[in-house]
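Notes for the one structure printed next.
Chain letters run A, B, ... following the sequence lines, proteins first, then strands; residues in each count from 1. The analysis underlying the following values was restricted to heavy atoms, covering all of them including side chains, and did not include hydrogens, waters or symmetry mates.
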Number of protein chains: 2
Amino acid sequence: MAREMLRQGGRSARIQEAVHRTVKELLAQMDRSEITVPMIAEKAGVPPSTIYRRWGDLSDLLADVALERLRPIADPEDTGAMGSDIETFIVDYAEEMSSDVGRGMYSDILGSSSDSAARCCHYTIHHLETLRQRAEGRGEPGFEVDAAMDKIVAPIVYHILFQDKAVTPDYCRALVSDFLGGKG
Amino acid sequence: MAREMLRQGGRSARIQEAVHRTVKELLAQMDRSEITVPMIAEKAGVPPSTIYRRWGDLSDLLADVALERLRPIADPEDTGAMGSDIETFIVDYAEEMSSDVGRGMYSDILGSSSDSAARCCHYTIHHLETLRQRAEGRGEPGFEVDAAMDKIVAPIVYHILFQDKAVTPDYCRALVSDFLGGKG
DNA sequence: CCACTAACGCTAATAATTTGCGTTAAGGTG
DNA sequence: CACCTTAACGCAAATTATTAGCGTTAGTGG
């Protein structure tokens, strides 16, 4: 992945923005296996060497873009109760990530030599942590975030990645209710 | 991945063997990001064009090699009882796959455009199925293979891939005993 | 043993990546 | 606010990887 930007403003930031935007546009138009660095460079209006120097190679650039897309911009929806909070978050997450674009983001992140994989799952942990704290603030008993990762998130991500079975909303809800039910 | 070989014998098979062996050797010596097709070609004694024509590109070749390494060669060890069969199989599997080489195989498989991901997890399902049948042959109650994939395999593979926590034998054993305990 | 053709080797053309070097502009300092 | 330092850039040349054409080799089935 890109090393942290040492300079945050001006030209450097404009290039980062233009390149990221271009990658997202290309990803929506064609298969990732057809995308090349020179192609991105031309569309974004920067020389290829700038991309190579800054991101290293295509897989690191794709991982960087994927990670940015996954970065939390808002907290999960507040539905009023812990069970429905978790269910809503998980069903939405699974739907978003089981698309071709979503699975592609996972592949890019896992194919990169950087630490983007660990970062990516920290985002999910962070969201679950938010839901846990919210529940406890309501006086609900809360839940173990690690256990939720193992029992809910891991199976969903596994099936998305290995494409061995369809990840349906019903399947997700069953995982959630199994997790919540197995506690009492 | 490589299309199925139309010709199984002679020269074609020798090349496949030489290339696979070379890839495994290189993988043991250096980081995968340093490996190139021309490098493999020279060491294996074949022209690069042959590799490109047959495997398409490097990621498909790596996925092909990874899949071959994961292909079951023997049934899981028979320890005399279902619980210890599952535990032994899972602990061994986790240990093997949590190495850098193991994680690399997953990355290669997930980064390929072929169906190698689904095949890879079918291998695991097949092994679990073997254990289930063996247990039932002994008069034991058996277990749900799908549930074992969700509750045992998925969390292990998730943590290996996303590198968010160490997958220790104790952790694996806890997953197995949780799975078996939650049934009675 | 012969015919058929998949798969190969070689080579030339094309495309991607790396590198050196001069230039621009961000961010800090007096 | 002008100046200094240097990260990051643009350009272009050199290197390396990939693709494609075409004749050749050698499995496979008859």
Check step by step if salt bridge (Lys or Arg N to Asp or Glu O under 4.0 Å) holds for B:Glu68 and B:Lys24. CA-CA 11 Å; B:Glu68 195 209 56; B:Lys24 287 179 216 165; 3.2 Å; yes
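- For A:His127 and A:Tyr93, the ring centers are positioned 6.0 Å apart or more.
- Separating the CD1 atom of A:Ile15 from the P atom of D:dA7 is a distance of 16 Å, rounded to the nearest angstrom.
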Set out, line by line, the N/O atom pairs under 3.5 Å between protein and nucleotides 20-26 of chain D.
| unit_1 | atom_1 | unit_2 | atom_2 | d |
| --- | --- | --- | --- | --- |
| D:dT25 | O2 | B:Arg11 | NH2 | 3.0 |

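- For the side chain to side chain donor-acceptor pair (under 3.5 Å) test with B:Asp60, the passing option among B:Ser116, B:Ser114, B:Ser112 is B:Ser112; the others fail.
- Summarising the local packing, CD of B:Glu42 is surrounded by 12 or fewer heavy atoms from other residues, nucleotides or ligands at distances under 6.0 Å.
- Other residues, nucleotides and ligands contribute over 12 non-hydrogen atoms within 6.0 Å of the CD atom of B:Gln133.
- The nearest pair of heavy atoms linking A:Gly111 to A:Ser59 is O-OG, 4.1 Å.
- Atom CD in B:Glu34 sits about 13 Å away from atom P in D:dA17, given to the nearest Å.
- Phosphate proximity of D:dC9 to A:Arg54: present, with a side-chain N or O under 4.0 Å from OP1 or OP2.
- For C:dA7, the OP1/OP2 oxygens have no side-chain nitrogen or oxygen of B:Ser12 closer than 4.0 Å.
- In this structure, B:Leu58 and A:Pro47 both approach DNA chain D, and ranking their closest nucleotides by distance from the 5' end singles out A:Pro47.
- Here C:dA15 presents its C1' atom at 13 Å from CD of A:Glu42, a figure rounded to the nearest Å.
- What separates CG of B:Asp57 from C1' of C:dA15 is a distance of 15 Å, to the nearest Å.
- If you measure from atom CH2 of A:Trp55 to atom P of D:dA8, you get 12 Å, rounded to the nearest angstrom.
- Checking D:dG10, C:dG27, C:dC8 against every side-chain atom of A:Gln8, the shortest atom distance belongs to C:dG27.
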